[in-house]
Amino acid sequence: MSFFNKVLGAVGIGAAKVDTQLANTEVEPGGEVCGIVKITGGKTEQNINKIDLDLLCNYTVEIEREDSEGNSETVTEVRHYTLDRFKIEETFTITPGEVKEIPFAFALSEDAPLTVGHSKTWIDTNLDIEMALDKSDKDYLQVVPSHLQLAVIHALEAIGFKLYEADCEGIESASFSRLPFVQELEFKTISGDFHKKLDEVEVVFFPRGEQLEIIFEIDRKARGFMGFFKEALDLDESNARMVISEQDLDSLTDDIYDIIDNNC
């Protein structure tokens with residue numbers, strides 16, 4: 001090894017590179033994520049102490065700020081949250097040009113947000129290696145609905161709703177969730193009995209093992225003079241809750257219809 005390469009390695013130039021390759025980019029909440037971490041040696045021999053795999057997602061919060069003139073304004077800030085952290089505790093030396101592949105597998109968090117709207121989930125891979133400039137890799141996951149979540153979406157579609165927007169919105173600390181946000185799926189009516197009667201229905205999922213808890217926020221369409229007053233005061237919204245499991249799927253469409261009908 002030349003003295004020049006040693007100097008470059010000492011300042012992080014020509015160091016080992018990492019590339020995480022996922023075997024499955026589509027996964028349900030609670031499903032398995034697996035693949036390999038591919039490490040390619042650089043221009044100098046280097047010691048790898050461990051590999052960190054961080055599972056992250058994004059969410060938004062609304063915060064109050066003052067502008068330059070002292071006026072208060074509400075701005076939306078995008079934040080990142082670490083859903084889980086996994087470590088590959090393997091210490092080894094990578095020689096110049098050597099390629100090493102390390103397999104991994106872990107369970108995706110049951111409460112990972114679905115990849116819809118602006119919601120994204122990804123894996124950050126980081127090598128524990130001194131003075132490396134290119135020691136990380138970022139790989140996106142497509143988090144698809146679980147069997148129960150998909151059944152709820154299909155039931156809403158069957159009675160005339162269509163998913164049109166979704167967002168992960170920041171919340172205050174709450175006992176019902178470990179996350180600092182909830183993911184709201186917003187459905188608009190396009191046909192059926194509720195068309196032109198409702199503005200929208202918002203749905204929040206809380207996976208509970210073999211069960212799924214669902215919160216509905218039903219936004220009634222304002223009608224007439226009093227209707228506009230109710231809308232301005234948020235009195236046009238009703239909340240409903242249901243918990244389902246596999247045995248409830250045969251009647252799910254009718255059950256959701258009844259919940260919405262009783263609150264609109």
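Note that the numbering runs from 1 along the sequence shown for the chain. Atom set for the values below is all heavy atoms of this structure, side chains included, hydrogens, waters and symmetry mates excluded.
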Self-check item: Closest non-hydrogen atom pair, R178 against D111
Solution: NE-OD2, 2.8 Å

Quiz item: Are V144 and Y140 in one and the same hydrophobic cluster, where Ile, Leu, Val, Met, Phe, Trp and Tyr link if side-chain heavy atoms are under 4.5 Å apart?
Solution: no

Practice problem: Ignoring hydrogens and angles, tell me if any N or O in the side chain of D137 forms a donor-acceptor pair with the backbone of T20 under 3.5 Å. | Solution: yes

Quiz item: SG/C57 to NE2/H80 distance, rounded to the nearest 0.5 angstrom?
Solution: 9.0 Å

Quiz prompt | Expected output: side-chain N263 to main-chain I259 donor-acceptor under 3.5 Å | solution = yes

Quiz item: Counting heavy atoms not belonging to H195, are there more than 12 under 6.0 Å from its NE2?
Solution: yes

Quiz prompt | Backbone N/O of A166 and side chain of Q183: donor-acceptor pair under 3.5 Å | solution = no

Quiz item: Any side-chain donor-acceptor pair under 3.5 Å between T82 and D54?
Solution: no

Quiz item: So do the side chains of P113 and F181 get within less than 4.5 Å of each other, counting heavy atoms only?
Solution: yes

Quiz prompt | Derivation of the side-chain contact (heavy atoms from CB on, under 4.5 Å) call for V152 and L252 | solution = CA-CA 7 Å; V152 174; L252 184 60; 4.1 Å; yes

Quiz item: Does C168 offer a backbone N or O that forms a donor-acceptor pair with the side chain of T60 under 3.5 Å?
Solution: yes

Quiz item: Is the F106 ring parallel, tilted or perpendicular to the F86 ring (thresholds 30°, 60°)?
Solution: parallel

Quiz prompt | Rounded distance (nearest 0.5 Å) linking atom OG1 of T189 with atom CD1 of I159 | solution = 10.5 Å

Quiz prompt | Interatomic distance, D248 atom CG to M242 atom CE [nearest 0.5 angstrom] | solution = 7.0 Å

Practice problem: Considering non-hydrogen atoms only, spot the tightest contact between I88 and L53 and give its length. | Solution: CD1-CD1, 4.2 Å

Practice problem: Could you tell me whether the side chain of I102 reaches within less than 4.5 Å of the side chain of F92, counting heavy atoms only? | Solution: yes

Quiz item: Between L127 and Q46, is any pair of side-chain heavy atoms under 4.5 Å apart?
Solution: no

Quiz item: Distance from K17 atom NZ to D19 atom CG, nearest 0.5 Å?
Solution: 10.5 Å

Exercise. Determine whether I51 and T125 make a side-chain contact, defined as any pair of heavy atoms from C-beta on separated by less than 4.5 Å.
Key: yes

Quiz item: Under 4.5 Å between any side-chain heavy atoms of F216 and V203, yes or no?
Solution: yes

Quiz item: Can we say E77 and R79 salt-bridge, meaning some charged N sits less than 4.0 Å from an Asp/Glu carboxylate O?
Solution: yes

Quiz item: Are I214 and I256 side-chain neighbours, meaning at least one heavy-atom pair lies under 4.5 Å?
Solution: no

Quiz item: Taking the side chain as C-beta and beyond, is there a heavy-atom pair between V201 and F194 under 4.5 Å?
Solution: no

Quiz item: Looking only at heavy atoms, what is the nearest atom pair of Q211 and L148, with distance?
Solution: C-CD1, 4.1 Å

Quiz prompt | Test: K87 and D52 ion pair at under 4.0 Å | solution = yes

Exercise. Compare every heavy atom of A158 with every heavy atom of T253, then report the nearest pair and how far apart it is.
Key: CG2-CB, 4.1 Å

Quiz prompt | Main-chain N/O of C34 paired with N24 side-chain donor or acceptor, under 3.5 Å | solution = yes

Quiz item: If only atom types and distance count, is the side chain of D258 paired as donor or acceptor with the main-chain N or O of D255 below 3.5 Å?
Solution: no

Quiz item: Can you tell me how far NZ of K50 sits from CG of N126, rounded to the nearest 0.5 angstrom?
Solution: 8.5 Å

Practice problem: Look at the side chain of N58 and the backbone N and O of V78, then say whether any donor-acceptor pair between them is shorter than 3.5 Å. | Solution: no

Quiz item: Quick one: are F206 and R241 in side-chain contact, heavy atoms under 4.5 Å?
Solution: no

Exercise. Any chance you could lay out the side-chain hydrogen bond (donor to acceptor under 3.5 Å, both in side chains) test for N47 and T93, step after step, and finish with the verdict?
Key: CA-CA 4 Å; N47 294 323; T93 299; 2.7 Å; yes

Quiz item: For atom CG of N262, is the number of surrounding heavy atoms from other residues, nucleotides or ligands below 6.0 Å larger than 12?
Solution: yes

Self-check item: Non-hydrogen atoms of K188 and D199 that approach each other most closely
Solution: CD-O, 3.2 Å

Practice problem: Kindly say whether Q149 contributes a backbone atom to a donor-acceptor pair with the side chain of S146 at under 3.5 angstrom? | Solution: yes

Practice problem: With rounding to the nearest 0.5 Å, note down the distance linking CD1 in I244 to CZ in R208. | Solution: 13.0 Å

Quiz item: What heavy-atom pair brings I153 and P145 nearest, and what distance separates the two atoms?
Solution: CD1-CG, 4.1 Å

